[in-house]
Amino acid sequence: MESKPVTGSQQKKISLRDLNPVDFLGVNDTNLKILQQELAVEIFVRGNDITLSGEQQDIVEAEAIVGEMLTVLSRKKYLDKEDVVTIIKLMRAGTTPVGEPGLGSVILFTRSDVIKPRTEGQEAYFEAVKNSDLTFALGPAGTGKTYLAVAFAVSAFKNREVKKIILTRPAVESGERLGFLPGDLKEKIDPYLTPLYDALYDMLPADRVRQLLDQKTIEIVPLAYMRGRTLDNAFIILDEAQNTTAIQMKMFLTRMGVNSKVIVTGDLSQIDLPAREESGLVQSTRILKSVPGIATVTFTDADVVRHKLVRHIIQAYDREINGKI
């Protein structure tokens, strides 16, 4: 790909502030080369300063794109070439107009989009995960609890904050009773783990996901398989946690090793345990509510980001249930 022609002689200097220039430029200046190919300006880097030279309108575009890159880098701590391509694409599509908050709260760039908080509840989720080693995310379907949790995990892995990702959930509601299902063990389990697979394939190329699964760098396993393990340098997600028993939840939480981060998601209106058995999620959030380093985020129907009818469905069910109490 040839660099775009540059005309004009106006200049704009941008400071990298306290950021490491290598993090901005990329390995072997990969990120810089993409900017030079895509932008109709000349780009000079000296120390912690970037100078843009070209026509005024081209400088305005380049400054906005570089500004978003710096904002994302300061929050995410890394930028790869796919991130840079996506930022340019989104900026040119008008997704983040100049002068608006832009991509500062980005969690992860995919091949065609950006994953970032889109509601107040999701913004609180973003802050909780950033500042806490263990986060409970509670709320109704469609609020992004699981999807964003996987995005947090993939981002941490890409940033080399963790060495592996563990995704787990109760394989079958109320006790993981798999014996009556047809097929071998994998065929029995996989349908219950499909949402986790779907999220991964949405965020990473399919061949990369398969490679990481084969290497066991990413593990998607039923909760029962967590017993006896200690997980260091890992990002661990427990999904559908409302259907864990108290014993299962304690077992899971004590798997947390050195330099690990944990997200536990669940919907307390969808508990499928026997009526007399307390959900491990309910018990753990009650017992651990005052423990430092643990955050709890509660989503509402206002945070639903699926089809608009999902919010109305949740509200209708809530009215029906509350009317019977």
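Residues passing the salt bridge (Lys or Arg N to Asp or Glu O under 4.0 Å) test with Arg118: none are found, sequence neighbours excluded. Listed by chain and residue number, nothing satisfies the side chain to side chain donor-acceptor pair (under 3.5 Å) test with Asp198 (two or more places apart in sequence, or in another chain). Qualifying side chain to side chain contact (heavy atoms under 4.5 Å, CB included) partners for Val258, counting only residues two or more places apart in sequence or in other chains: Asp232. Applying the side chain to side chain donor-acceptor pair (under 3.5 Å) rule to Ser15 yields no partners; only residues at least two apart in sequence or on another chain are considered. Contacts of Glu120 classified as side chain to side chain donor-acceptor pair (under 3.5 Å), with partners at least two apart in sequence or in another chain: none. For Lys13, the salt bridge (Lys or Arg N to Asp or Glu O under 4.0 Å) criterion is met by no residue, not counting sequence neighbours. Lys81 pairs by the salt bridge (Lys or Arg N to Asp or Glu O under 4.0 Å) definition with nothing, not counting sequence neighbours. For Glu219, the side chain to side chain donor-acceptor pair (under 3.5 Å) test picks out Lys164, Arg229, with sequence neighbours left out.
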Exercise for the section: Start with the C-alpha distance between Ile88 and Ile34, add both sets of side-chain angles, then the distance that settles side chain to side chain contact (heavy atoms under 4.5 Å, CB included), and finish with yes or no. Expected result: CA-CA 10 Å; Ile88 294 172; Ile34 293 173; 4.2 Å; yes

Problem - Evaluation steps, side chain to side chain contact (heavy atoms under 4.5 Å, CB included), between Ile220 and Thr168 - result: CA-CA 6 Å; Ile220 305 179; Thr168 185; over 6 Å; no

Handout entry: Audit row: Asn31, Phe24, side chain to side chain contact (heavy atoms under 4.5 Å, CB included) steps and yes/no
Key = CA-CA 7 Å; Asn31 297 345; Phe24 176 83; over 6 Å; no

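A donor-acceptor contact shorter than 3.5 Å is absent between the side chain of Asp29 and the backbone of Leu32. When atom types are taken as modelled, the side chain of Asn20 and the backbone of Val22 share a donor-acceptor pair closer than 3.5 angstrom. With hydrogens and angles ignored, the 3.5 Å screen pairs a side-chain donor or acceptor of Asp303 with a backbone N or O of Thr300. When atom types are taken as modelled, the side chain of Thr143 and the backbone of Gly139 share no donor-acceptor pair closer than 3.5 angstrom. With hydrogens and angles disregarded, no donor-acceptor distance shorter than 3.5 Å links the side chain of Gln248 to the backbone of Ala224. Counting only distance, with no hydrogens or angles, the side chain of Asp239 and the backbone of Gly266 share no donor-acceptor pair below 3.5 Å. No donor-acceptor pair under 3.5 Å is formed between the side chain of Ser155 and the backbone N or O of Ala151. At least one donor-acceptor pair under 3.5 Å links the side chain of Asp267 to the backbone N or O of Ser269. Put simply, the side chain of Ser53 never gets that close to the backbone of Glu42: no donor and acceptor are under 3.5 Å apart. In this structure, Asn131 contributes its side chain and Ala128 its backbone to no donor-acceptor pair below 3.5 Å.
Residues Leu238 and Ile247 are members of separate hydrophobic clusters, defined by side-chain heavy-atom contacts under 4.5 angstrom among Ile, Leu, Val, Met, Phe, Trp and Tyr. Under a hydrophobic clustering in which Ile, Leu, Val, Met, Phe, Trp and Tyr are joined whenever their side-chain heavy atoms come within less than 4.5 Å, directly or via other members, Phe44 and Leu19 fall into different clusters. Taken together through direct or relayed side-chain contacts under 4.5 Å among Ile, Leu, Val, Met, Phe, Trp and Tyr, Tyr225 and Ile166 form part of one hydrophobic cluster. Tracing side-chain contacts under 4.5 Å through hydrophobic residues (I, L, V, M, F, W, Y), one reaches Val291 starting from Ile236; they form part of the same cluster.
Arg46 has its side chain out of reach of Thr51: every pair of non-hydrogen atoms, C-beta onward, lies at least 4.5 Å apart. Between Leu39 and Asp58, every side-chain heavy-atom pair lies at or beyond the 4.5 Å cut-off. When side chains are defined from C-beta on, Phe136 counts as touching Leu134, because their heavy atoms get closer than 4.5 Å. Considering only heavy atoms from C-beta on, Val264 stays 4.5 Å or farther from Thr135 through its side chain. The shortest side-chain heavy-atom distance between Leu138 and Thr296 falls under the 4.5 Å cut-off. The side-chain heavy atoms of Met249 and Gln283, taken from C-beta on, include no pair separated by under 4.5 Å. Between Leu223 and Met226, the closest side-chain pair of non-hydrogen atoms falls below 4.5 Å. Leu288 has its side chain within reach of Leu253: a pair of non-hydrogen atoms, C-beta onward, lies under 4.5 Å apart.
Rounded to the nearest 0.5 angstrom, Phe109 CZ and Leu90 CG are separated by 6.5 Å.
Using a 30° and 60° split on the angle between ring planes, Phe152 and Tyr125 fall in the perpendicular class, above 60°.
Taking every heavy atom of both residues into account, Ala149 and Thr265 meet most closely at CB-CG2, 4.5 Å. The shortest heavy-atom contact between Leu35 and Ile43 is CB-CD1, 3.6 Å. Of all heavy-atom pairs between Ser279 and Leu273, the closest is CA-CD1, 3.6 Å. Nearest approach of Ala295 to Ser132, heavy atoms of both residues: CB-OG, 3.3 Å. A pairwise comparison of heavy atoms in Ala241 and Leu281 identifies O-CB, 3.5 Å as the closest pair. Nearest heavy atom pair, residue Ser260 against residue Leu231, reads OG-O, 2.6 Å.
For residues 235-279, no residue pair satisfies the ring pair (Phe, Tyr, Trp, His ring centres under 6.0 Å) rule, not counting sequence neighbours. A salt bridge (charged side-chain N to carboxylate O under 4.0 Å, His left out) check over residues 286-299, counting only residues at least two apart or in different chains, returns the pairs Glu278-Arg286. Screening residues 132-146 for salt bridge (charged side-chain N to carboxylate O under 4.0 Å, His left out), with sequence neighbours left out, gives Asp133-Lys261.
For the pair Glu38 and Arg92, the salt-bridge criterion is met [side-chain N within less than 4.0 Å of a carboxylate O].
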Under 3.5 Å, sequence neighbours excluded: what are the donor-acceptor pairs made by side chains of residues 199-216?
| from | atom 1 | to | atom 2 | distance (Å) |
| --- | --- | --- | --- | --- |
| Asp202 | OD2 | Tyr147 | OH | 2.3 |
| Arg208 | NH1 | Gln211 | OE1 | 2.5 |

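With a 6.0 Å radius and a threshold of 12 heavy atoms from other residues, nucleotides or ligands, Lys158 has its NZ atom above the threshold. Within 6.0 Å of NZ in Lys130 there are more than 12 heavy atoms belonging to other residues, nucleotides or ligands.
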